[in-house]
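Excluded from the calculations below are hydrogen atoms, water molecules and symmetry mates; all remaining heavy atoms, backbone and side chain alike, are included.
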Amino acid sequence: MAGFELQNSIINNIIKEERFVTVYTTKKGVPIRCKITGNDKFTLLLDVEGKQQLVFKSGISTISAGKQVIKF
């Protein structure tokens, strides 16, 4: 459960700061440049060029934020 809390903390910081990130999918590693606008236990809601896209977390391999996101 601690891993989920860390994941949630990082994603919530990205949402709060309205940062652009690159989300890489597990299928062929397709990069999606976007803002994460919402999340729950299983999904992320992305803003991709003004359009909303819902992605299952199980379909994501990596989220690259470009700089440190974790604040202690």
Side-chain angles (χ1 to χ4, degrees):
M1 198 65 168
F4 178 73
E5 291 173 17
L6 177 61
Q7 178 189 98
N8 219 20
S9 174
I10 292 169
I11 291 172
N12 286 334
N13 280 337
I14 290 170
I15 292 170
K16 181 180 171 186
E17 294 177 6
E18 297 182 355
R19 296 177 56 182
F20 278 95
V21 297
T22 303
V23 174
Y24 294 91
T25 64
T26 56
K27 186 166 186 163
K28 298 184 181 180
V30 176
I32 303 169
R33 183 83 174 136
C34 60
K35 285 186 180 180
I36 301 173
T37 57
N39 73 312
D40 65 16
K41 189 172 182 177
F42 301 105
T43 63
L44 292 180
L45 183 61
L46 310 177
D47 179 342
V48 184
E49 297 179 359
K51 297 179 183 172
Q52 290 186 335
Q53 185 171 343
L54 186 68
V55 178
F56 283 99
K57 288 181 179 178
S58 62
I60 296 172
S61 68
T62 309
I63 298 174
S64 176
K67 67 175 188 173
Q68 184 176 348
V69 190
I70 303 170
K71 297 179 182 177
F72 293 101

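Closest of all the heavy-atom pairs between P31 and T22 is CB-CG2, 3.8 Å. The minimum heavy-atom distance between S58 and T26, with the atom names listed, is O-CG2, 3.8 Å. Taking all atoms of both residues into account, the shortest heavy-atom contact from Q7 to K57 is OE1-NZ, 3.0 Å. Closest non-hydrogen pair, I63 versus I14, comes out as CG2-CD1, 4.5 Å.
Checked against side-chain contact (heavy atoms from CB on, under 4.5 Å), T62 has the following partners two or more places apart in sequence or in another chain: Y24. Residues passing the side-chain hydrogen bond (donor to acceptor under 3.5 Å, both in side chains) test with T43, sequence neighbours excluded: D40. Every side-chain contact (heavy atoms from CB on, under 4.5 Å) that V55 has, sequence neighbours left out, goes to L46, Q53, I60.
The CG atom of N13 sits 11.0 Å away from atom CD1 of I36, with the distance rounded to the nearest 0.5 Å.
The same ILVMFWY cluster, assembled from side-chain heavy atoms under 4.5 Å apart, contains both V48 and L44. Linking ILVMFWY side-chain heavy atoms closer than 4.5 Å, directly or via other members, places I32 and I10 in a single hydrophobic cluster. Under the 4.5 Å side-chain heavy-atom criterion for grouping Ile, Leu, Val, Met, Phe, Trp and Tyr, I11 is connected to L6 within one hydrophobic cluster.
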Requested in this report: Please assess T25 against S61 for the test side-chain contact (heavy atoms from CB on, under 4.5 Å), listing each intermediate value before the final yes or no.
Outcome: CA-CA 5 Å; T25 64; S61 68; over 6 Å; no
